[in-house]
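Protein chains get the first letters and strands the later ones, always in sequence-line order, with residue 1 at the start of each.
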Protein chains: 2
Amino acid sequence: MTSSNKSTKKNTAQQKHPRYVDCDNCSMQAICQPIGSDNQSIDLTKNYLTRRVEVSTEQSSSQPLNQSTGATLFEQARPLTAIFAVCSGTFKLCQRNDEGIERVVGFRFPGELMGEDALFLEAYNYSAVALGDNSVCEVLVDSLSACSQLAPELQQNLIQLLTKQSYEQQQNSQAIIGKKSADCLLAAFLLNICQRNAKHSGNETEIELTISRQDIACFLGMRRETLSRLLSKFQYEQLISLNGRQLTLLSINHLKQLANQ
Amino acid sequence: MTSSNKSTKKNTAQQKHPRYVDCDNCSMQAICQPIGSDNQSIDLTKNYLTRRVEVSTEQSSSQPLNQSTGATLFEQARPLTAIFAVCSGTFKLCQRNDEGIERVVGFRFPGELMGEDALFLEAYNYSAVALGDNSVCEVLVDSLSACSQLAPELQQNLIQLLTKQSYEQQQNSQAIIGKKSADCLLAAFLLNICQRNAKHSGNETEIELTISRQDIACFLGMRRETLSRLLSKFQYEQLISLNGRQLTLLSINHLKQLANQ
DNA sequence: ATCTTTTATTGATCTACATCAAATTTAAAC
DNA sequence: GTTTAAATTTGATGTAGATCAATAAAAGAT
């Protein structure tokens, strides 16, 4: 099985300038925009919000998963002090179960939230690891809580945000679990990440895969060998093309057909 | 392979009097108890709450899944007017995807909520079908919303409720997805439902399985033949015993060991 | 009660994926 | 640049679970 494009070298088209997501396309928006209860408006950045905090790969406190180091934004079971929105880059979310076995439970792209599902609970449900040099917006929970008691509008927005978020999470995981075969699963996954990535990149057919094969395989519950074979097969079948880290969906229709089995 | 207890007949120990869950053990509690903002308390039942609405098997509007009829409490995609807590009995939740393929996406036991994950969104995410003669408590969303604007206490409770709920949902689905083998999956499932059922029954080792094999298999993403074989194997290995619909976990430790693989 | 229909169990076979192993490519270190 | 290590791809083989098919047991109907 010979894949079409293999000879291309020097295709690590490193984007020097990371693209930050627009606030308009961010899930945090509901609680990040200036809130004016009638005439008295609250300056959010003076209260609970810090924009564009860099999370670079250097200082990694611990290795959350066997391989691939990366900056850990927060760790599972630690007290929840803040929730985050991804500004640029990709994060992976890892969860350790009772028996100490770790799994990749999700990925987050620009404009998506992290930690919000444990808001007002004691601790983070999972660890968040930056895949590369990323940035986030940070919302301090205590300050947010204090503010929301002043502004009922904010509280209403918060409920909406949590509901929508929980809904989308459910949709995303629904799209993954219970697929008939690994083909379908992978097709669904590729469509899912490209669609989510498009919210800020604007391109639904291309994505720069900062996620390693190992992490993808772990998330999808298959072996990396299987994933590798499937990617080769998809390339052979002209469903996708892979140039280094650049993934292009060549036939979204066929992929959708495959995914819905 | 001969299962230990097969000869027992007439073991359909029908519980004439369905056990209703205590309000203390119900997830709806946060918004169902009388709320007193200082001295002016709101009478909930006069506003948005109706307790113990019967949902009997008779009048089924449509067959949500290929087999097993049952009263449909609400249907996917219909406007969300109310959220529910199970009082007695078991419900199954079905979801149809874009391609029209239906799946069982969950079950609800007494004290658990339904529809709450779409609160303040347009429509229900799934259909809810009663497995037998059940009952629910109903909370009307419009009235709840109106009330919550009067009582900030209620709104705070609502946020807590939604967060906890979303967390538990995630935990439940995490316990299921990505298991190595069907054995582990089934072990995890049996432990999960017994544990959830124990919240109102008080017995963590026994449960009356109102759910059909087909529905369980569909939920777990396996064929009913496979499920049947596994149940037989579990009985042979003295992990469980099955008397009609009565399931008993004989060795919770072994099951847990199996589930965490 | 008997008859019919549905639901559940067991058997035989076949395939998708895991597993073990080796080669190859890519990235990091020097 | 070269060397080393890590990540990815490809190959060979075995097994878990799907699929097809046939009973067997409940549940309803009469």
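Taking the side chain to side chain donor-acceptor pair (under 3.5 Å) definition, one finds that A/Thr90 meets it with A/Thr210, sequence neighbours left out. Shown here are the side-chain contact (heavy atoms from CB on, under 4.5 Å) partners of B/Gln76, two or more places apart in sequence or in another chain: B/Gln95, B/Arg96, B/Ser127. Take A/Glu54 and apply the side chain to side chain donor-acceptor pair (under 3.5 Å) test, not counting sequence neighbours, and it matches A/Tyr20.
In this entry the distance linking CZ of B/Arg224 with P of D/dA21 reads 14 Å, nearest Å. To the nearest angstrom, P of D/dA27 lies 15 Å from CG of B/Leu131. Rounded to a whole Å, the CD atom of B/Glu225 is 14 Å from the P atom of D/dA22. Following rounding to the nearest Å, A/Gln214 (CD) and C/dA27 (P) show an atom-to-atom distance of 17 Å. When the C1' atom of D/dT8 is taken as reference, atom CZ of A/Arg245 falls 12 Å away, rounded to whole Å. One atom, CZ of A/Phe234, and another, P of D/dT8, lie 18 Å apart when rounded to the nearest Å. In this structure, the NZ atom of B/Lys233 is 17 Å from the C1' atom of C/dG11, given to the nearest Å. Across the protein-nucleic acid pair, A/Leu231 atom CG and D/dA7 atom P stand 17 Å apart, rounded to whole Å.
Residue B/Arg213 places at least one side-chain N or O under 4.0 Å from the OP1 or OP2 atom of C/dT9. Side-chain N/O atoms of B/Ser228 include none lying less than 4.0 angstrom from OP1 or OP2 on C/dT10.
Put simply, the side chain of A/Glu206 never gets that close to the backbone of A/Asn203: no donor and acceptor are under 3.5 Å apart.
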Show each protein N/O and nucleotides 15-17 of chain D N/O combination with a separation under 3.5 Å, one pair to a line.
from   : atom 1 : to       : atom 2 : distance (Å)
D/dG17 : OP1    : B/Ala182 : N      : 2.4

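Checked against the 6.0 Å centroid threshold, A/Phe91 and A/Phe107 do not count as a close aromatic pair.
For the pair B/Val136/B/Met114, a side-chain contact is recorded, criterion being any heavy-atom separation below 4.5 Å from C-beta on.
Side-chain contact annotation: B/Ser135 with B/Ser88, donor-acceptor N/O pair under 3.5 Å present. For A/Ser241 and A/Asn243, the side-chain atoms include no donor-acceptor pair closer than 3.5 Å.
For a distance-only test at 3.5 Å, the side chain of B/Arg229 qualifies as a donor-acceptor partner of the base of D/dT19.
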Which side-chain N or O atoms in residues 181-195 of chain A pair as donor and acceptor under 3.5 Å with protein atoms at least two apart or in another chain?
from     : atom 1 : to       : atom 2 : distance (Å)
A/Asp183 : OD2    : A/Lys233 : NZ     : 2.3
A/Asn192 : OD1    : A/Arg196 : NH1    : 2.8
A/Asn192 : ND2    : A/Asn172 : OD1    : 3.0

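Terminal axes of the helix from C/dA1-D/dT30 to C/dC30-D/dG1 (five pairs each, C1' rotation axis) are separated by 50°, to the nearest 10°.
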